[in-house]
There are 2 protein chains.
Amino acid sequence: MNIGQAAQASGVSAKMLRYYENVGLLAKAVRTEAGYRVYSESDVRTLRFVKRARDLGLPLDRIKLLIGLWQDEDRASADVKRIATEHAAELRAKIAEWTQMCEALENMAEACHGDHRPECPILDEMAEGAQDFTTLPSVSASKLKAGRQAPRTGTQRAVQGVMR
Amino acid sequence: MNIGQAAQASGVSAKMLRYYENVGLLAKAVRTEAGYRVYSESDVRTLRFVKRARDLGLPLDRIKLLIGLWQDEDRASADVKRIATEHAAELRAKIAEWTQMCEALENMAEACHGDHRPECPILDEMAEGAQDFTTLPSVSASKLKAGRQAPRTGTQRAVQGVMR
DNA sequence: ATGGGGCTTCCCATCGTGGGAAGGTCAAGT
DNA sequence: ACTTGACCTTCCCACGATGGGAAGCCCCAT
């Protein structure tokens, strides 16, 4: 079976098949005389394994370990469990972090009128205490040489302009 | 103020300051004659704004929009709110996805004894229906030429070996 | 024999961040 | 004045996993 067929049969793109092989997640595929990669049903099973593990969010290095255990008749299920629980814990941590960010954003958005007026608690929160717009130049003007690499073409914002 | 001081004052690394400038999130910094970037208090306020927005998980392109609105006296808070709620919605979607992955993993781990024996529902789940190990070669052996690019040195795993 | 689709490799882009090398600059201490 | 160490500059590379695309070869069916 060629790479395209293996891809379709496993749900992993051909591009990824080559990549997995390159980075050592999969063994180098057998080739035809013409250099075409050839896959067996057994290979497809491995690919489906990888696909499911990826769908669970596992990174490739952990999947590599799992494949090793999967093919090891003498494995201890404790090793597999450890990998799974470690990943789950990392996911939980990330989820907590993102939930915090998300709730903060939602709270701010809720406090925002969302109309045509400029007042906005979201921006206020992000600027937090930046009401003081007094500019305190900390370098004497004599030492300055405006934008050697930034030729400063035409219209430039007064305070801090956003480029491009 | 030099880049290191601006970095410390804002909580954004000097490396990131240069990067933000390169990708156009920030205006090109004023330079001293020697080419050193010089930052004002006003710049540091912008940097802190960026830092807080990053901490909320906002991508740089959205932060660029926010800075534009922040500096626009005639902004409509609705525009800010839309950006925030869009990002929050994307976060929620991601969180839901990761929560599903996480729960699946936790369920599997819970079902796993986690002892010295090889039986493991986690692996079973990932292999899902891969009990049939009959190999069906789909290419006639005459067309094969073992590993032109994979010289197949010495010990190789029987079925699908993990490399490196 | 020709055409189209599949395969190969190689390069690039993403997104934000860090590491490091090679070389110039500044300020403080001798 | 000179040295030294800390700082700055640019440039390149790496991550992780994926997609896009180009140039060129291969295989099969018409």
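Throughout, protein chains are lettered first and strands after them, A, B, ... in sequence-line order, and every chain is numbered starting at 1.
The distance between atom CG of A:N22 and atom C1' of C:dT9, rounded to the nearest whole Å, is 10 Å. A straight line from CZ of B:R54 to P of C:dG18 spans 10 Å, rounded to a whole angstrom. Distance, B:D61 CG to C:dT14 P: 12 Å, rounded to whole Å. We find that CG of A:N2 is positioned 19 Å from P of D:dC25, with the value rounded to whole Å. A:K64 has its NZ atom 14 Å from the C1' atom of D:dG16, to the nearest Å. D:dC25 atom C1' lies 14 Å from atom CZ of A:R37, rounded to whole Å. In this structure, the NZ atom of B:K94 is 13 Å from the P atom of C:dC15, given to the nearest Å.
Sorted by first and then second residue, the ring-ring contact (aromatic ring centres under 6.0 Å, His included) pairs with a member in residues 40-62 of chain B read B:F49-B:W70; sequence neighbours excluded. Each ring-ring contact (aromatic ring centres under 6.0 Å, His included) pair with one or both residues in residues 2-27 of chain B, not counting sequence neighbours, would appear here, but there are none. Note on residues 71-112 of chain B: pairs passing ring-ring contact (aromatic ring centres under 6.0 Å, His included), not counting sequence neighbours, are A:W98-B:W98.
Terminal axes of the helix from C:dA1-D:dT30 to C:dT30-D:dA1 (five pairs each, C1' rotation axis) are separated by 30°, to the nearest 10°.
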Indicate every side-chain donor-acceptor pair of residues 4-16 of chain B with a distance under 3.5 Å to a residue at least two apart or in another chain.
{"residue": "B:Q5", "atom": "OE1", "partner": "B:N2", "partner atom": "N", "Å": "2.9"}
{"residue": "B:S10", "atom": "OG", "partner": "B:A6", "partner atom": "O", "Å": "2.8"}
{"residue": "B:S10", "atom": "OG", "partner": "B:A7", "partner atom": "O", "Å": "3.3"}
{"residue": "B:S10", "atom": "OG", "partner": "B:V12", "partner atom": "N", "Å": "3.2"}
{"residue": "B:S13", "atom": "OG", "partner": "B:M16", "partner atom": "N", "Å": "3.1"}

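Residues that satisfy the salt bridge (Lys or Arg N to Asp or Glu O under 4.0 Å) test with A:E86, not counting sequence neighbours, are A:R62, A:R82. In this structure B:E106 satisfies the salt bridge (Lys or Arg N to Asp or Glu O under 4.0 Å) test together with A:R92, sequence neighbours excluded. Taking the side chain to side chain contact (heavy atoms under 4.5 Å, CB included) definition, one finds that B:A104 meets it with A:L56, B:M108, sequence neighbours left out.
With salt bridges taken as basic N to acidic carboxylate O contacts below 4.0 Å, none links B:R75 and B:D79.
Contacts between residues 7-19 of chain A and DNA chain D, defined by a heavy-atom separation under 4.0 Å, are made by A:S13, A:K15, A:M16, A:Y19.
Phosphate contact (OP1/OP2 of D:dA17, side-chain N/O of A:Y20, threshold under 4.0 Å): absent.
For B:Y36, the listed nucleotide lying nearest its side chain is C:dG24; candidates were C:dG24, D:dA17, C:dT9.
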